[in-house]
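Computed from heavy atoms alone, side chains included, the values below leave out hydrogens, waters and symmetry copies. Since the model is a prediction, treat every value here as computed from it, not as a measurement.
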Amino acid sequence: MTDQIKLEGTVENVLFCNEENGYIVLELDAGGELITVVGELGQIEEGEQLVLTGSYVTHQKFGEQFRAQICERKMPSGETAIIKYLSSGAVKGVGPTLAKRLTERFGGETLKVIENSPELLTEVKGITAKKAEEISREFKRIFGIRTLMIFLSGFGVAPSFAVAAWKRWGQFAVEMIRSDPYVMCGCGIELGFSKAEEMARGLDIPPESPGRIRAGITYILSENAMNGHTCLPLDRLTQTALTLLGVEKTLIDENISLACEDDTFVIYEKKGRKFLFLSDYFTAEQYISTRLAMMRDCFKDTGADSTKLIDIEEKTRTITYAEKQREAISLALSKGFLILTGGPGTGKTTTLKAIISLYEQRGMKVFITAPTGRAAKRVSDLTGYPAKTIHRLLEVMYDTSGKLRFKHNEKDPLSCDVIIIDEMSMVDTLLFEALLRAMKLSCRLIMVGDSDQLPSVGAGNILGDMISSGKLTVVALTEIFRQARQSLIVTNAHRIVKGEMPELTRTDSDFFCMKRLKTDEAAETVADLCAARLPAAYGYSSIEDIQVLCPSRKGILGTAELNSRLQQRINPPEKSKHELKGPVCIFREGDKVMQTRNNYDIVWEKSGESGTGIFNGDIGIIISVKPAARTLVIDFEGRTAEYTSEMTDQIELAYAITVHKSQGSEFPAVVIPLLGGFDKLCYRNLLYTAVTRAKKLLIIVGSKDIVTKMVENNRRTNRYTCLKEMIINEAEGVPSDGIS
């Protein structure tokens with residue numbers, strides 16, 4: 001992490017200030033040196049004296065700046081600074097002339113007089129008693145946030161949280177936080193629970209505080225949402241809360257009940273067991289189940305015979321559809337709602353192309369979407385039709401609090417007749433809710449995915465819950481077509497799904513297993529395959545064609561260690577290659593990297609056009625590094641974007657990536673190291689997902705016993721959700737309401 005620096009000085013100029021989020025750009029006079037400062041510091045005026053904690057960064061356009069993380073604000077002292085401050089218009093009703101008169105009368109005590117003795121201001125020409133009171137009131141309002149920032153900085157809380165708290169509670173913020181620091185964990189402020197715990201200890205807040213108990217329960221639910229759960233069994237959550245909070249069970253029960261009354265939490269009963277939700281996730285699952293029931297009722301099977309249309313499509317495309325493919329095409333046309341699922345080689349893409357074609361022949365406007373950029377590109381390449389990510393389709397915006405939202409919703413629906421979602425297994429609960437809300441009631445919906453793959457990174461198990469409910473129209477393609485049967489990758493994938501051992505002894509196909517029982521030997525074999533053997537034998541590019549997929553990030557065969565080894569073999573340091581040190585590794589020209597979180601603001605260019613947004617899972621190549629400017633340029637499949645040094649915490653080396661990060665992608669050659677050390681991830685659908693990422697060649701390096709263990713373990717990733725039951729209840733006319 002970059003070393004933190006303290007900087008002290010007087011604000012010379014305010015160049016930019018966003019009142020909504022507190023982001024400011026200013027020039028600070030620090031001992032005669034004028035330094036550009038940026039950060040979410042709130043409203044600051046010229047003449048103020050600041051003590052800033054942060055680090056120097058390099059902006060791709062504006063050069064070197066000081067990025068402030070913590071800001072301590074002092075009253076301007078000295079007549080010159082006070083005149084400059086008051087003359088800036090900071091205090092409503094005081095301009096340059098009045099500022100000069102005030103400082104001539106009260107000198108360095110001017111601001112103290114304004115704050116504490118406003119009646120004395122009437123001694124200055126032009127100030128009545130009423131005006132004196134107004135000036136004092138305005139001054140106290142302005143310096144309220146200053147007091148709040150100083151108060152929070154004492155606990156190491158960043159100014160951005162102070163800005164959010166001031167917007168929420170204004171002059172009462174300090175009092176609110178002092179009495180209950182846990183209020184900052186919610187209310188759009190989202191301070192971390194552990195930081196609130198630190199503050200509470202410093203403020204002598206008792207452990208039995210209702211605010212602490214509620215925030216602790218929220219923290220548990222939020223952390224589990226990060227692991228895929230939309231809710232938790234109430235009994236299990238209570239035990240976790242007892243361990244975390246160290247209070248009596250009766251206090252936890254009482255606070256959950258109170259929080260349910262104001263809709264912070266929702267309890268839902270499933271099969272006699274109670275589950276606790278954060279309200280957003282309950283609302284999402286409830287809306288999804290209700291909307292799916294509406295679609296099922298709206299799009300009754302018309303019974304129209306599509307045989308002739310499908311026959312014509314076969315002749316046009318010189319193809320013969322299998323019985324299940326014809327069924328899927330027919331249902332898509334007659335019902336307008338369909339879940340199409342199946343493994344590799346079963347003809348999902350061929351079926352989808354026919355559905356799109358026949359919809360367009362009817363004059364319908366079809367939008368195709370997928371959860372990630374790579375998945376959208378893949379479905380576009382396979383079908384020949386344009387596709388967008390769900391986020392781009394819904395058009396990301398920000399509300400006044402800086403929270404992400406979508407332009408398209410019930411009030412501004414998408415202008416299409418059909419939406420087709422590919423890689424549906426990757427779609428999480430909140431994203432699916434947002435998409436459904438953006439669909440017109442008459443819009444048809446076709447969802448395509450493989451329910452045997454890993455579920456979404458975000459919370460929920462949407463595809464699995466919809467299929468297992470048994471209440472929605474599903475066509476499962478199971479027949480492996482003749483051409484696909486020639487691929488051992490495809491046939492082994494289907495064996496794995498059935499719980500059968502894949503064929504690991506053949507050496508004449510596209511699926512190989514190389515036995516290595518020592519981790520160092522396995523790691524070296526992986527590196528040798530990627531850097532030398534596969535490029536020599538098949539002509540594959542080590543960067544563009546070969547992808548290492550790891551079950552875990554940890555260990556010698558995890559992504560972190562393997563990336564270091566692979567970088568050294570594939571793209572070693574050279575005098576001609578520039579480098580930039582990132583938070584955990586060195587980035588070098590020619591490196592393969594991955595974006596690790598959504599960034600909607602990164603500007604990219606492609607063929608003379610420009611846009612914004614690089615997203616979690618996007619893979620690119622570093623094409624240039626500018627050490628002096630501390631920037632690097634990355635090519636994301638034709639889109640080039642410039643990253644500053646402080647943005648490198650958003651990328652990581654991608655010679656090796658986790659299986660979870662590979663969802664929605666395909667690679668010509670895949671190498672999978674399997675040699676233990678990842679027991680919690682040792683299950684069937686993780687192996688299946690990894691195998692199905694390979695298009696032409698797959699090599700497992702490690703132990704056949706691990707392969708056996710993964711095939712036999714079909715426990716899957718257990719996720720707590722209630723969507724399946726809600727869908728069933730809606731179909732049977734039982735409302736999916738929470739209980740008190």
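- Within the structure, side-chain hydrogen bond (donor to acceptor under 3.5 Å, both in side chains) contacts touching residues 464-474 (residues at least two apart or in different chains) are K335-T473, D465-T721.
- Under the side-chain hydrogen bond (donor to acceptor under 3.5 Å, both in side chains) criterion, R378 pairs with E423, E666, not counting sequence neighbours.
- Under the side-chain hydrogen bond (donor to acceptor under 3.5 Å, both in side chains) criterion, R326 pairs with D311, E314, sequence neighbours left out.
- Within the 3.5 Å criterion, the main-chain N or O of I543 finds a donor-acceptor partner in the side chain of K592.
- At distances below 3.5 Å, at least one donor-acceptor pair connects side-chain atoms of D618 with backbone N or O atoms of F615.
- The backbone N or O of K388 sits less than 3.5 Å from a side-chain atom of T369, completing a donor-acceptor pair.
- Considering OG1 of T383 and CD1 of I420, their distance stands at 8.5 Å, rounded to 0.5 Å.
- One finds a salt bridge joining R374 and E637 here, because a Lys/Arg side-chain nitrogen approaches an Asp/Glu carboxylate oxygen to under 4.0 Å.
- In terms of modelled atom types and a separation under 3.5 Å, the side chain of S610 and the main chain of W604 share no donor-acceptor contact.
- Inspection of the S357 and Q361 side chains reveals an N or O donor paired with an N or O acceptor under 3.5 Å.
- Taking the salt bridge (charged side-chain N to carboxylate O under 4.0 Å, His left out) definition, one finds that D450 meets it with nothing, sequence neighbours left out.
- In this structure, the side chains of I421 and F432 come closer than 4.5 Å at one or more pairs of heavy atoms.
- Because its NZ or CZ atom is both nearer than 6.0 Å to the ring centre of Y287 and within 45° of the ring axis, R437 counts as a cation-pi partner of that residue.
- With 3.5 Å as the limit, one finds no donor-acceptor pair spanning the side chains of Q663 and T689.
- Distance alone, capped at 3.5 Å, places no donor-acceptor pair between the D417 side chain and the C443 backbone.
- Between the side chains of T631 and E642, at least one donor N or O lies within less than 3.5 Å of an accepting N or O.
- Between K324 and E327 a salt bridge is recorded (basic side-chain N to carboxylate O distance below 4.0 Å).
- Residues V366 and C416 are not in side-chain contact: their nearest non-hydrogen atoms beyond the backbone lie 4.5 Å or more apart.
- Qualifying salt bridge (charged side-chain N to carboxylate O under 4.0 Å, His left out) partners for D381, counting only residues two or more places apart in sequence or in other chains: K377.
- Here the side chain of N685 pairs no donor or acceptor atom with the backbone of Y688 at under 3.5 angstrom.
- The pair E313-K353 does not meet the salt-bridge criterion, since no charged nitrogen lies less than 4.0 angstrom from a carboxylate oxygen.
- With hydrogens and angles left out, the side-chain atoms of Q595 and Y643 include a donor and acceptor closer than 3.5 Å.
- Put simply, OG1 on T351 and CD1 on I355 are 6.5 Å apart, with the number rounded to the nearest 0.5 Å.
- In the model, K661 has a side-chain atom that pairs as donor or acceptor with a side-chain atom of N616 under 3.5 Å.
- Atom CD1 of I672 is separated from atom CG of L549 by 6.0 Å, given to the nearest 0.5 angstrom.
- The closest donor-acceptor contact from the side chain of N563 to the backbone of T559 lies under 3.5 Å.
- No side-chain donor-acceptor contact under 3.5 Å links S662 and R693.
- A distance-only check finds a donor-acceptor pair linking the side chain of S289 to the backbone of E285 [under 3.5 Å].
- Under the 3.5 Å distance criterion, the side-chain polar atoms of T429 are matched with a main-chain donor or acceptor of A459.
- Judged by distance alone, with hydrogens and angles left aside, the side-chain atoms of Q547 form a donor-acceptor pair with the main-chain N or O of Y655 at under 3.5 Å.
- Between the side chains of E479 and T346, no donor-acceptor pair of N or O atoms lies under 3.5 Å.
- Ring-centre distance between H229 and Y281: not below the 6.0 Å cut-off.
- Partners of R362 according to the salt bridge (charged side-chain N to carboxylate O under 4.0 Å, His left out) rule, which considers only residues two or more places apart in sequence or in another chain, do not exist here.
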